[in-house]
Each structure stands twice: as C-alpha cells, then as structure tokens.
Amino acid sequence: MTQVPDDHQPRDGGRDAAERASLAEAWRTPTGWRYVSAVNNSHVGKWYILAAFGFFTFAGLLALLIRTQLAVPENDLLSMELYNQVFTLHGTAMMFLFAVPIFEAVAILILPEMLGSRDLPFPRLSAFGFWCFVIGGVFVCGSIFWNAAPSGGWFMYPPLSSDPEQTGIGTDIWLLGLSFIEVASIAAAIELIVGVLKCRPPGMRLNLMPLYCWYVLVVAGMILFAFPPLIAGDLLLEMERAFGWAFFDADRGGDPLLWQHLFWIFGHPEVYIIFLPSIALIATILPAMTRSPVVGHSWVILSAIGVAFLSFGLWVHHMFTTGLPNISLGFFSAASEAVAIPTGIQIFCFIATLLVGRASLNAPMLFAGGALAIFVFGGLTGVMVAIVPFDFQAHDSYFVVAHLHYTLIGGMLFPIFAGVYYWYPFATGHMLSERLGRWAFWLMFAGFNIAFLPMHWTGVLGMPRRVWTYAADMGWNELNLVSSAGAYILAAGFVVFAFDVLRPKGRTPTAPADPWKAATLEWAREGPGSPWGIRSVPEITTRYPLWQQPGLKDEILRGAWYLSDAKDGRREMMVTDILDARPMFVQRIPGPGFVTIFAAGFLGAAFIFATYHWWLAAAAALAAFVATVLYWLWTGTGGIPQTPRRDCGRGLELPLYASGAGSAGWWAMFITMIGDTTAFVGLVFAYAFFWTVHGSFPPPGTTPPDPLPASGGALLIAAAWALMMAARGLNAAGRRGAGAALLLVPVAAVAGAAALAFAAFRAGLDPTRHAFDATIWVLILWICAHVAAGILMPLYCLARFRAGHMDATHDAELRNSVLFWTFLLVQTGVTWALIALAPLIPSGAS
Amino acid sequence: MTYPRLIDDGSVWIVVIPPVIWAAHFLTCYWVAAVWCASGAAPLTPVVWAIAAITVAALGGIGWAAVVAVRRYGGLRRPGRHVSRDEPEGRKAFLGHVALLLASLNGVAVLFTALPVLVFRQC
Amino acid sequence: MPPQPRPLGGQSPPVEQAPACGVDPAKLCQGEYAIRVKSHIAVLAAPLLTGCGGRHSWLAGAGAEARIIETLFWPFLFGAAVLWLAVMALAIAAFRSRREETRGLVRAIIIGGGAIVPGIIVAALLVIGLVTLRALAAMQPGLSVQVDGEQWWWRVVYDTPAGAVVTANEIRLPRGETAELLLSSDDVIHAFWAPALGGKMDMIPGRTNRLTLTPLTPGSWGGLCAEYCGGAHAQMRFDVTVMEPAAFGDWLAAEAEPASAQALARQDGLSVFLDSGCGACHSVRGTEAAGQVGPDLTHFAARQRLGAGIAPLTDAALRRWITRTQDMKPGVEMPAYPDLSPEALDALVGFLMALK
C-alpha cells in the first residue's frame, strides 16, 4: 500500500465544491425521455428491482388464479387449457423472472456502493442485461393474453414439450424467450464476479470482504455453471422441435431423460442460486440490527462455498422416480442429505449472532425472523424428501408443492422483504412505515402458513401437482379451501407492502443518511441523488469499516480519499487485485447510451423471430445485433488514454490502461468463456449420456464421421489459434506481420469449420435420423458458431490498429480475443476427440 | 504480471480444492455405477471395490489439502482476530481456515457418497 | 433375499380382512407403527386424520410398500416438529438474551448445533433411507402386469401362462402376493401412483420401469397419474381392486374370455357400436371391433368407473360420456357422439353396460 501521510487537514471549500461539480458533471443522469439511456448502477439497479417485482406481481396474480380454481372441486373458472398455461407461467415467471433476476437487481444496486466503487466495471452490460430481461420477460408473460403461453410445466419435460402438436408455440416461446433471459442472467453474473474480484476498495483483502460480497461471488459463480447446461438443453430441445433433430425421441435413439438431467443440473443449483443471495441479505442486515459482527465469519463462508458445490450433486433427487438404479439414487440422496450440514451451519451462525448482539424487533428483523421460521420448516421437509422411499410417495404431490414454497418463500421472499425495508432509505432517502411493515408481515406470515401448511396434508392424501380440477369425493375439499383462503391473506399482505413502497413520500421526512448505523460502506455514500455513489474511495483495513475505522465516514465524505473528483469529465473507477485489493489501475467506464437498448432490442428480435420460425428476419436481427455490439465496443472506453497515468490523490498515481490478466475485460472474457465451455460440456454430456445408455453408439449401420477431414478441420482451427498467438506476440514485440497473421485467421478458421462439417456430411449423418447423428451435428454446429464469432475478433482488432486505438502496449482487445481462441481451441479438441476417436470405443450398455 | 504458484501463498485455489475433489469423487461414483448398471450386470461387486478405491484416494486428497491449509496457510491458528488482520498473513490464515473447514465438510460428504455402496449389492 | 414380502423388522405382513374405509378414525390408518402414535394425536388432529384412510392416502396402509414407507413418515413428522420447535426456541432465547459472556455458548451453537448434531441426524436418516430402499427393492414378485400410460388412460396387460389378458383403467391384484408392474408409455411421460399401496414410478417412452406392489387390504383403492402429461392430466385416474387370491384367479380367467353372450345378444346396441366406428379405436373381443387406440372394452361393465377413473360407471354417466365427451374430459381423443338418436343411444348404453 502506498505510504503517504494522511490528508487530515480540512480542505478548502472551493476545492471541495469544484470536485463535487466535476463528479456531478461526469455522472449526470440524462433527463426527460433520455432517462432510459442511463446505465449507472443506481438507476439500472432500481429499474431491475421494480421490473422483477412487476413480474412477481404478475406471477402472484397467476397464483391467485390457481388457488381460486382449486378452492372448490370441479371448478370451471379456468379451462383446462388456460389452467395449464397459468401454472406453467406461474412457475416460470417466479423462477426466471423474479427469483434469479431479483438477486442480480439487488446486487447491481448495492454491490458497487458496498465496495466503495462508483459503479460496476461494465455499466452498459448491466443495462443491456436489464433490457434483455424486460423484453424477454414481457414476451414470455404476454403470451398468455394471446392464449399462447407455454403449457408444458416449468420443467418442460419432453416428449410432451418436444412435440409441436402437443404443446404449441408456447413451448418455443418458453425455450427461446428464456434462453434470451438466461443470456441476461449470465451477463449480470459475469459483471458481478468481476465486480467482486477486481473492484474492491484498496485494502479490502479477501479476509476483510463483507459476507454479502462472498455470497455474490459464490452465487454468480454458480450461475456460470448452472445456467449453461440449461441453455444447451434449450438448444437441443428447440432443434428437435423446429428441425426434427432426434435428441429426446426414444424411437430414434433419443432419450427423454437426457432433458431431465440437463434441466435439473440447472434446476437444483438454481434453488440455491435463489436462496443464498437472500441469506446474504440477512447476513448484512443482522450485524446492523444486532450491533455485532456476524459470529463465525469463516463458517458462513464455508457454508456458502460448501452449499454451492454440494448443490450440483443433488440434481437426480428430482428424478428419484424415473427408474434409475438404486445405487445411483443413493449417491444423490447422500448429497441431498449432506447439503443440510452447511445450510444448518449458516443458520446457527445467525442464531449465535443474535446471542452475541442486542437486537430490536423492527420490520427488517421481523421479516428475517419469519424467514427463519418458514425456511427451517422447509429445510426439514427437504431432508425428508431427500430420502428416496419417502420421495416415492411425496414426489409430484402437493407435499412437494408445500415443501418448495416453504423453502423459496422462507429462504428467498421474506429475506427480500427484509432487504427492501432495510435498503429502502439507501435507495430513496425515505423510510418505509414501521406500522404498515408489521401489518404486511403478519398478513403475509399468517396467510402463507394458512395457504401452505395444509398442502403437506393434501399431498399425503394423494393430491398430485398440476391438476386443474379434482373430484369432490377425493377428500381434498376442505384443505384446498383453506389453502385458497390463505393465499388471499398472503396477497393482502403484499398489497400493504406494495402500497407502502409505492405511495408518494413527498411529505414524509427524509431519512437519515445512515438510519441503521450500519458498518458497510454503502451507508457512507452521498445521498440517493448522487449516482457517483461514494465521494472518495477509502482504504479499508477492517471487516466492518464504518464501525472499526473511526472517522472513516467523515473522511470519505470530505473527499479526503482517492478519486475524489472526475478528471477530464470522465467516469472512473479503481481496479484492484484479487487477493489483497492493491490498486492496479483506474478504469474509465462509459456513460449513458442508447446502444444497449438497441442491442437488447435486436437480440430480442432475433429470438422472437426465431420463435415464429421467421428465419430470415431472425438472421437480419442477429446481424443488426452484431453490428450494434461492434459499434458499442468501438465507441466504448477501451481506447488509448491521452495521459498514461492519473493522480488519484494522497500521492497515489495509477495507470489509466491495462491489458491482459490484470484488466477487468480479460477477466470478463475468461469468465464468459468458462460459462460458454460449461454449455459445451452440456453437449458433451449428451454424447456421454447416449453412449452410456445405448447398446451401441454409434448405432449399427451408422458410419462415424470420416476421421481424416475431421482431423484436418481441427488442425486448421488450431492453426487459427496459433495465428492469433503469433499476432499477439509480434505486436507486443513491435515487429511486423501481426496484421497479416490476423488476416489469415478467418481463412484458416472457416476452412477448418468447413472440414469438420464435411466429415459429418460425407459419412451421411442425418440429424433427423438418430440421436448419434444429431449429437455429432450439434457439436459441429457449436464449433461453427464459435468460429463465426471468432473470426470477427481478429478483423475488429485489425481495424482498431488501423484506426490508432491499439498499439504495441495497448492491446487489450487482442489479448482478450486470444483468450477466446484458446477456449475455442480446447472445445475443438474435445469435439475432434468425440467425432473422430470416441466412435471407436465400445459403448456402455450391452 | 507474475502468476502465483498454484497452491501456496498468494493463491485462492486451496479453498476450492476440497470441494472439487468431492465433485470429482461424486461424479466418478455416479458414472461408474451408471455404466456398470447400464451394461446389465446386476451384482455390484466390482463397482464396490472401484468406489472404495476412489473414496480412499479422495479422502487422501482432501486430507492433503487440509494439511496444506494448516501448515502453509496457518489455517488452524485461533480464529477470531487473526483471520481478520489487515495484512497478507491475515488473508492467508483466513483462506487456510476456510479451506480447512471445507476439507472437513467435504470429507464428510465423500463418506456420505460412499455410504450407498455399503448398503446395495445389486443395481 | 427373503422369498416373502417383508416390511422392515422382519415380521410377515399382517392381513386385515376389513376394508380400510371404515368409520373409526383410529382404524383408518392401518400402519402398525402409526396406530400407536395416532391414538395419541387423534384428538388433536381429528379433522386431518379422517382423511388418512382415504382411497388415495399414503397412510391408508393397504399395501406392504406403503407401510414400509409409512414407517418413515411418523418419525419424520414428529422429529421435524421437535427440531423446528428447538431451533425456534433457541433463536428466540438468543434474541432475548442479554448475556455478556457468550464465547463458549457461541462455539457450542455453531459447532454443535450447526455442524455436529445436524451431521449425525442426516447421516442416520440417510442410512435409514437406504436400508428402506433396499427393503423395497427386495420384494419378490409373483404376478407380472404391464401398464402403459396413454393420454389420458391406462392400458393394462396381464401376463398369464394362457397368454396376455388386456384390460384398461382398473387393475385387480390378489391380496398378499407381490405384483410386479412393468411401466411404460408410448406418448409422453406419465407416472403410476396408487398411494394407498405404495410409491410412484414414472412411465417413460423407450424405457420400462419396474414397480412392485404387495396389496394387503382387500378393497378398492385409488390411483392417478402423478407426472404432468399435458391436457387432461388431472383426469387420468385408475382403480386398484385388491381381491382374495381365489376371487382374483376367477376374475382373471373371466377377463381372458371374449365378451359375454349376454352382451353379444344385444344386436342393436352392437350394431350402433360398430356403425358409429367405435371399433376403430376400441376392442371388444368376440366382435369385429379390434381397435387398439383406445381402452379395451371387452369387460367394460365389470369396471367401477368410466373415462379413466373420473366418474362412477352408471347409465347416466355413460350417456353423458358418449354424447358430451369433451365436457367430461377436455382434450380426450375420443370424439363425442351428440347426434345419436335416443333409441340408438339406449341400445348402445345397454350393450356397453352388458359387457360384464
């Protein structure tokens, strides 16, 4: 750390005012209709939260329809067809449009401030993600008003979902609409990971990082490994629906269970992706309310990381009744039980914190307590359904419906409400009403339990899930009526909450800047009207800086720390290293722009057109999207700065440019490609799965792809990678030839991709004939799509060099492109092994 | 830009090693059993031995990670103030402590995974 | 492996004579373990318990498998209640506590309460669960029944030495004998679930899954499709009738016979049936009707219910089914015949109701 005497003498007012003015100028929020072009996290975060709650309200209304329909037997309020759409959309919207996005929304709003950062490292990416989310969400939800909503259940099992005659366009809307939203989720996850790793304030070593940031890191990492398998599954299912490729059709060598594996490899971690961030909110609220640090800091981190990993070993517990061998069920039952241990540790750490601290029972604590009561109950029934024989009865019954709502509403929704009460003054400058908060809590808590506690028993009495009606003589009438009544009470509580949040607060007094006397840095930011967040970026030496570093808040607000102004009118943030948060460089970040909205719009259009099989329009929209992204990058902040270094105050001078492994962009590419490779692994899993279940894979009579062109194709793609490496090396050494190498990359790569496709084509592989053919083709298609993206990169770099935006030392784009190509090289190698070598190995089943 | 040694001071990899070993062990157990059972062979005896072997290997790996976490990172020094110290030593001890806890958890999880093998003799 | 079906603990399955749907709440739930527990809580939870002997209840204890699983249910329920109360009490006590010295307690709470106690509990549960699973897997079947899920009904084929016996939507099983159900599907995924007898199992196209059921209590039990299978999933039900072995043997022999002479004597009804094209989808053995698309109707009237378990089989219900099929079961593949003349409908219903 820089050894510079502290700057404690009061600064003169003129300088302070000038610095503030420069910040206000650089971070000015566009007004009027241009407000939508804002990209700053304090705006995008709020929009994101509002949109997520909008979808929550929509999905909640669907839930009320469900409960109204089921209140009495043989009800005909909703038709069978509409009911099937309603419950599918309820689950889909709650999971994909509320539970995961709300995590990202809250993190986008509070993470930068908690890290003493002015913004996230890629503000336009957050805005892009938000617009994708809104477009995709409206598309998916709106379908119900045209009676075209998905009706295959939120887990969309084929062959019901793979047959366009059984499930109409709704399934395409589901598959493509959600894939589009998942892109947004992954974009936000990348942003948050880089945010936590690289944008911490100086001195915030890993051991001093707030628990919330640990959870964000862990959960964003989980998204990176959990969502891509679903995207792979979506790709396979849509290929089967649109083009008849054989992946899930048992008659053509496919297997419906493959989808279940891919879906639940996503679906179970997703439950924890939803749950952990909410626990993170409690881990942040609890110390503020109890006036005590969280007891067992390392233990809480242990449980977050432990849960994150174990949650990937649970997926088959959604498949206990699919007839897998008992020994396999045993493994997953074991992991499902084991995950209870870290979850328990987490909760007992909080109880221990309550013991050490002195808490009062205000609205956030009330919701946190309600969350504990509900979640522990759901956890206990979770331990039950993880026992295989018990699940033989409970599975797909209302017992499971009750269980999952106890875990999700207790583990996720109530903590979110606690968080809203807690951070509302942070976001708006006003407090929510304590009195209405109590009403909202007790209505929701009572309503929830009245609705869902009886459902356990409804399940015991044999009521299956997803039924639009039931006969009067089944013995389920009274329990269902009680549940429906409870649902309305729960909804009433939400109405009270929503009223309190949305009512105009012009006349209510402004909240103090730090109403809870909390310890984390977001309470040291300037008011909610200051989008730059923190006045100056402090150096952190403790876990609870505002408690344990006396005078720090005052120094921050006086502008006594780093980056207290905006040089050249540019938006800036400090990038630090991963381990000890040593300052590395100052990154310039972009301001408002419509390019993100256009990019999201074009990408959304591509997905939506594809839903309707308007392929040409979809291709045109995709091309427009690519062009928009190129424009976005070209006009971004990645150019060569006029001055190489910047004085950050207190004698700290940092570079304004970084490339390679130190830069935020390199990490973003690295993390993106980890996610991309995970999706690729999903396709490899499909191959391995078929290989295991089939007596002969490839099937008898099928010629595997010709190894010669396949190997030649792989070598050509490897050559393209080598050319990229050469270009980087030549450029860095200041030698000639880099441009020529970059020009040759597309030639080699396209030839390689063509040779791969030729290998399959020559063997006569027909993806509509058998799962083997389809799997080989989809792998080749994957590589071809990556080559298509990959050849844009050297051409873009070449243009940047020509335009003078890059040179021998300013080569971030080139280094990031090389990274992409390195991942593509690995994927090509695996694909080559699968198409040229694997068919030679005798397969699993006899 | 210097890259830290993979498992040593200045690396966070020690934290993920125990869970990664658990994951590898878990997937291998699942895969071995799935392939064996798909081939139609009912008695699990070879699977039992294979899983016993990889369980011993996994526990060995996790034990090694725990030893590294204690010896090289100082993960067993008293928790509390030490792991929250503002110096690289504090961060190191903190990572060691978390790694040690994760090693314990994942050791238990590996044992859990191996349990079904003791119960089932048929697919 | 024990040759006989045995619930946990090794005793032979007790055999009840009385049908389970009695009136005495204490007798409704037949599980041995449950009876003791339940008499204590019956007073507290009488409204809930009145249902536990229902035709679809897990706790009806009508089969050995259901009883094995039930041995888990009550300990789980009470264990969970105790644990939940303990955690809540601890949390409230911690919240209220104003203790100054908390170090030892904190350690006990995190390490003991958070790690060790839950670790031991879940390890014990895991072992119990695995051993129970092994007990379920050890059931040795005598009878083999093939059940195929169709949208939205059940095709049932008994594999007998004399050949295959085809029926639909009602499964009859002999008391005390373990039956092996071979479950599959030709269209989408369904799941076979007769909660009173045992757990559920999916029916997946391209796969054949195996489920054993060992009925112990004679009577009629309910079953349903548990996996969402599109459209009328809610109306995909069936009946399991548990019979004394001798009666079962007689029934199976009768079921193998072609349609009764009594029914075939109703020529006018049979001709309406054939002229309306019913035979394109339905089989009535002994007539030209040999369709394979819909349920076999050879002994239709011997069944208790109509339309895959959705209505009692009465004249009136059958008329409604024929004329307003889609009202009773939206999405069903069978077309309605609203234009049949009253006479033709009478004749058709008379014929069908004679297919005993």
Side-chain angles (χ1 to χ4, degrees), chain A residues 79-80 153 157 159-160 166-167 250 255-257 295-296 299 321-323 326 329-330 333-334 337-338 340-341 344-345 347-349 351-352 354-356 358-359 372-373 376-377 380-381 383-384 387-390 392-393 395-397 457 460-462 464-471 474-475, chain C residues 48 51 54 56-59 68-69 72 76 80 83-84 87-88 90-91 94-95 97 99 102 105-106 109-110 113-115 118-119 122 125-126 129-130 132-133 136-137 187-189 191 193 195 199-202 204-207 209 222 224 226-234 310 330-331:
Chain A
S79 68
M80 170 194 85
Y157 281 177
L160 182 66
Q166 294 260 3
T167 42
D255 193 326
L257 279 194
V295 178
W299 290 79
T321 65
T322 55
N326 284 333
L329 302 185
S333 184
E337 296 295 333
I341 300 174
I345 289 173
I347 286 170
F348 279 83
C349 284
I351 292 179
L354 281 177
L355 178 70
V356 173
R358 300 274 184 276
L372 180 75
V376 169
F377 196 92
L380 288 165
T381 53
V383 169
M384 296 182 196
I387 299 297
V388 181
F390 189 91
F392 283 166
Q393 288 284 24
H395 180 70
D396 271 339
S397 77
W457 205 259
V460 169
L461 296 185
R465 297 170 77 170
R466 306 165 153 197
V467 290
W468 93 91
T469 186
Y470 55 93
M474 307 291 271
Chain C
L48 294 180
H56 299 87
S57 168
W58 311 354
L59 308 178
I68 290 174
I69 298 174
L72 300 176
F76 279 16
L83 286 175
W84 186 82
V87 175
M88 289 307 112
L90 182 65
F95 179 78
S97 159
R99 283 173 83 103
T102 52
L105 259 182
V106 159
I109 287 177
I110 296 180
V122 295
L125 283 178
L126 177 61
L130 293 174
T132 311
L133 181 61
L136 286 174
D187 43 40
V188 303
I189 300 175
W193 190 27
K200 62 179 72 65
M201 185 58 76
D202 291 354
I204 302 171
R207 289 169 177 257
N209 280 337
L224 34 83
E227 183 62 76
Y228 176 64
C229 53
H233 161 61
I310 63 170

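Source: prediction; values computed, not measured. In what follows, every chain begins at residue 1, and chains take the letters A, B, ... in the order their sequences are listed. Values below: every heavy atom of this structure, side chains too, minus hydrogens, waters and symmetry copies.
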Subject >> Part of A:L355 within contact of chain C (heavy atom distance under 4.5 Å) >> reply: both
Original post:
Is the shortest heavy-atom distance from the side chain of C:T132 to the side chain of A:F390 under 4.5 Å?
Top reply: no
Original post:
Given the rule in the side-chain contact (heavy atoms from CB on, under 4.5 Å) test, do C:L90 and A:F348 qualify, once you have shown the distances and angles that lead to the verdict?
Top reply: CA-CA 9 Å; C:L90 182 65; A:F348 279 83; 3.6 Å; yes
Subject >> Heavy-atom pair with the smallest gap, counting every atom of A:G323 and C:N209 >> reply: CA-OD1, 3.5 Å
Original post:
Judged by atom type as modelled, is there a donor-acceptor pair below 3.5 Å linking the side chain of C:K200 to the main-chain atoms of A:T321?
Top reply: no
Original post:
When heavy-atom pairs shorter than 4.5 Å are enumerated against chain C, which of A:G330, A:P256, A:S79, A:A340 gives the highest number?
Top reply: A:P256
Subject >> Heavy-atom closest contact (C:A226 atom, A:P464 atom, distance) >> reply: CA-CB, 4.3 Å
**OP:** Please tell me if the side chains of C:W193 and A:H395 come closer than 4.5 Å, counting only heavy atoms from C-beta onward.
**Re:** no
Original post:
Under a 4.5 Å heavy-atom cutoff, which of C:R207, C:M88, C:R99 has the most pairs with chain A?
Top reply: C:R207
**OP:** With the side chain counted from C-beta on, respond yes when C:L72 and A:P389 share a heavy-atom pair under 4.5 Å apart, and no when they do not.
**Re:** yes
**OP:** Among C:A80, C:A137, C:G222, single out the residue with the greatest number of heavy-atom pairs under 4.5 Å to chain A.
**Re:** C:A80
Original post:
Which answer fits C:L126, side chain, backbone, both or neither, if we ask what part of it has an atom under 4.5 Å from a heavy atom of chain A?
Top reply: both
Original post:
Below 4.5 Å, heavy atoms only, C-beta onward: do A:L461 and C:H56 meet side chain to side chain?
Top reply: no
Original post:
Which bit of C:L125 comes within less than 4.5 Å of chain A, counting heavy atoms only: side chain, backbone, both or neither?
Top reply: both
Subject >> A:L160 and C:I189: CA distance, side-chain angles, deciding distance, side-chain contact (heavy atoms from CB on, under 4.5 Å) verdict >> reply: CA-CA 7 Å; A:L160 182 66; C:I189 300 175; over 6 Å; no
Original post:
If you tally heavy-atom pairs under 4.5 Å against chain C, which of A:T167, A:L257, A:L329 wins?
Top reply: A:L257
Original post:
Checking C:L136 against chain A: side chain, backbone, both or neither under 4.5 Å from a heavy atom?
Top reply: side chain
**OP:** Under 4.5 Å, counting heavy-atom pairs only, tell me which of A:A373, A:S397, A:A471, A:A338 racks up the most with chain C.
**Re:** A:A373
Original post:
For chain A, which of C:G129, C:G119, C:P195, C:G114 has the most heavy-atom pairs under 4.5 Å?
Top reply: C:G114
**OP:** Could you tell me which portion of C:L133 (side chain, backbone, both or neither) has an atom closer than 4.5 angstrom to a non-hydrogen atom of chain A?
**Re:** both
Original post:
Side chain, backbone, both or neither: which part of C:A91 has a heavy atom under 4.5 Å from chain A?
Top reply: both
**OP:** Please look at A:I351 and chain C and tell me whether the side chain, the backbone, both or neither of the residue comes under 4.5 angstrom of a heavy atom of that chain.
**Re:** both
**OP:** Flag the pair A:I387 / C:F76 as yes when at least one side-chain heavy-atom distance between them is below 4.5 Å, and no otherwise.
**Re:** yes
Subject >> Contacting moiety of A:M384, where chain C heavy atoms sit under 4.5 Å >> reply: both
Original post:
Measuring heavy-atom distances to chain C, does A:R465 have an atom under 4.5 Å in its side chain, in its backbone, in both, or in neither?
Top reply: backbone
Original post:
Are C:P330 and A:W468 side-chain neighbours, meaning at least one heavy-atom pair lies under 4.5 Å?
Top reply: yes
Original post:
If you tally heavy-atom pairs under 4.5 Å against chain A, which of C:G231, C:C229, C:A191 wins?
Top reply: C:G231
Subject >> Considering all heavy atoms, the nearest A:R466-C:H233 contact >> reply: O-CD2, 3.2 Å
Subject >> Interface moiety of C:D202 toward chain A, non-hydrogen atoms closer than 4.5 Å >> reply: both
Original post:
Tell me, side chain or backbone of C:W84 under 4.5 Å from chain A's heavy atoms, or both, or neither?
Top reply: both
**OP:** Can you see which heavy atom on A:G296 is nearest to which on C:I110, and at what distance?
**Re:** CA-CD1, 4.1 Å
Subject >> Segment of A:V388 engaging chain C (4.5 angstrom heavy-atom cut-off) >> reply: side chain
**OP:** Return the option, out of C:L224, C:I310, C:L130, with the maximum number of heavy-atom pairs under 4.5 Å with chain A.
**Re:** C:L224
**OP:** For chain A, find which of C:P118, C:G206, C:G331, C:G230 contributes the most heavy-atom pairs closer than 4.5 angstrom.
**Re:** C:G230
Subject >> Output field: ring centroids A:F392/C:W58 closer than 6.0 Å >> reply: no
Original post:
Side chain, backbone, both or neither: which part of C:M201 has a heavy atom under 4.5 Å from chain A?
Top reply: both
**OP:** Could you tell me which portion of A:Q166 (side chain, backbone, both or neither) has an atom closer than 4.5 angstrom to a non-hydrogen atom of chain C?
**Re:** side chain
